[in-house]
Amino acid sequence: MDSPMESSSRDAQKVDVLIGGAGFAGLALAIALHQGLAPSFSVTVADPALAGPAKDGRASAIVAAARRLFETIGVWQEVEAQPILDMVVTDSRLADVVRPAFLSFDGDVEPGEPFAHMIENGPLLAALAAKAKAEGVALRPAAVTEIEFATDRTQVRLSNGEALAARLLVAADGARSAIRERAGIASHGWSYGQSAIVTTVAHERDHHGRAEEHFLPAGPFAILPLTRDPAVGHRSSIVWTEEAQAAARIVALPEAEFHAELERRFGLHLGEIAAVGPRRVLPLGLSVARAFIADRLALVGDAAHVIHPIAGQGLNMGLKDVAALAEVIVDAVRLGLDPGSLAVLERYQRWRRFDTMAMGIATDGLNRLFSNQSDVLRLVRDVGLGLVDRLPILKRLFIREAAGLVGEVPKLLRGEAL
Ligand SMILES: Cc1cc2nc3c(=O)[nH]c(=O)nc-3n(C[C@H](O)[C@H](O)[C@H](O)COP(=O)(O)OP(=O)(O)OC[C@H]3O[C@@H](n4cnc5c(N)ncnc54)[C@H](O)[C@@H]3O)c2cc1C
């Protein structure tokens, strides 16, 4: 007798690519593929979150390469972004009255192009969904619930009962990817025992586009500039790392006590401060999928890798996956190759997996080096940071690396259409 999936597969709608997950990675990939290959190539995105407006109240640093991708696919023009004009890094203890800057970055990666911008996640996700819809990408407000891998197509059932048969299924369904799990791809990594407290802080004085990262013993405390909001004035987003239990305690404090803890870390250099956004606490860990591909399946974004936010690179790495996978698929389809075949997908995996491991190891090392009380390690890291600060060539390389412009950069991240 036929399995339910087998009997429904006969009436399944055939699509070229089905993307499970309409976060940044899923939507950006859908738009890029559609722009590169429509009308003879069909792209569908499924995510229950598509049923309503984007709810993500967080903000993200978008590096220059990722900004080029958004500009090339036509969404950057739709969002307000705050350029990061300079960045200071300090290595301090909570009680330190003065926090001397050990490292400072400023300047552009190219004339007039800052190395990063801050955006608010909600408006960027809304702009991506609107662009995908306007381009004619098929959007389904439903979850991927059942998957059956076959040689010619992946059979998928959505939570609204719809059956689809895709030449390629893309898992863009985030850190706890159900698609990755169903495909039997294990993920390796560990928890840091740390959590990040995330909120928005209003302050009296202008930040002048300056980002700050204070390496405190419990972990990094980042102040990231946002555009001015007429209702609350000057604002910054904070990512405040603490040991997990301390973070849970702090985030639950009454207003006045939370304010006191915040002020000890934020300081008063921007005048009086007030937390104005909802407080969120997010557990931090490192995980990398054992494989980024299988027959008729590719993983992108957090579904493939989650790293520590110490360098604000998680989403930027996901967008590198998107740019590389879009280029691999567009090249293959134009050559008449099957975009879901292992031979084609291997090129994507080779392109992204090593780079991901390198970034995972780098952010893990940085976190271990900085999130501790050891005086010896403090001396080592301060000498290291001081050296980088005094060597303009090394500093320039760091900025280009952080901006995502080093190595084999995919076309979309160079600002070239597919
Ligand atoms: C505190 C913190 C600060 C950060 N700051 C930065 C930063 O400054 N810069 C940066 O680059 N990165 C940053 N990151 C990382 C960044 O937030 C993530 O890497 C990014 O959001 C991942 O995007 P994604 O599209 O891969 O996944 P997600 O944003 O998790 O999207 C996944 C989507 O899949 C959907 N979904 C889930 N299951 C299913 C299913 N079965 N079927 C269909 N859809 C499904 C969900 O509804 C969701 O919409 C930070 C992370 C943290 C924790």
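Remember, predicted model here, so these are calculated numbers, not experimental data. Start at 1 and go down the list; that is how both ligands and their atoms are numbered. Note that these values count all heavy atoms, side chains included, but never hydrogens, waters or copies made by symmetry.
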Legend entry - Residues forming a ring pair (Phe, Tyr, Trp, His ring centres under 6.0 Å) with H203, sequence neighbours excluded: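 Partners of H203 by the ring pair (Phe, Tyr, Trp, His ring centres under 6.0 Å) criterion, ordered by chain and then number, come out as H207.
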
Inset, instruction - For L50 and V45, work out which heavy atoms get closest and say how close. - result: CD1-O, 3.9 Å

Inset, instruction - Kindly check if the number of other-residue, nucleotide or ligand heavy atoms within 6.0 Å of CD (E80) is above 12? - result: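 No.
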
For [X], is at least one N or O under 3.5 Å away from an N or O on ligand 1?
X: D302; value: yes
X: L315; value: yes
X: G312; value: yes
X: A25; value: yes
X: A196; value: no
X: V144; value: yes
X: P309; value: no

Inset, instruction - State which residues pass side-chain contact (heavy atoms from CB on, under 4.5 Å) with E71; sequence neighbours excluded, sorted by chain then number. - result: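 E71 satisfies side-chain contact (heavy atoms from CB on, under 4.5 Å) with R67, W76, Q77 only.
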
Inset, instruction - Could you tell me whether N316 approaches ligand 1 through its side chain, its backbone, both or neither, with non-hydrogen atoms closer than 4.0 Å? - result: both

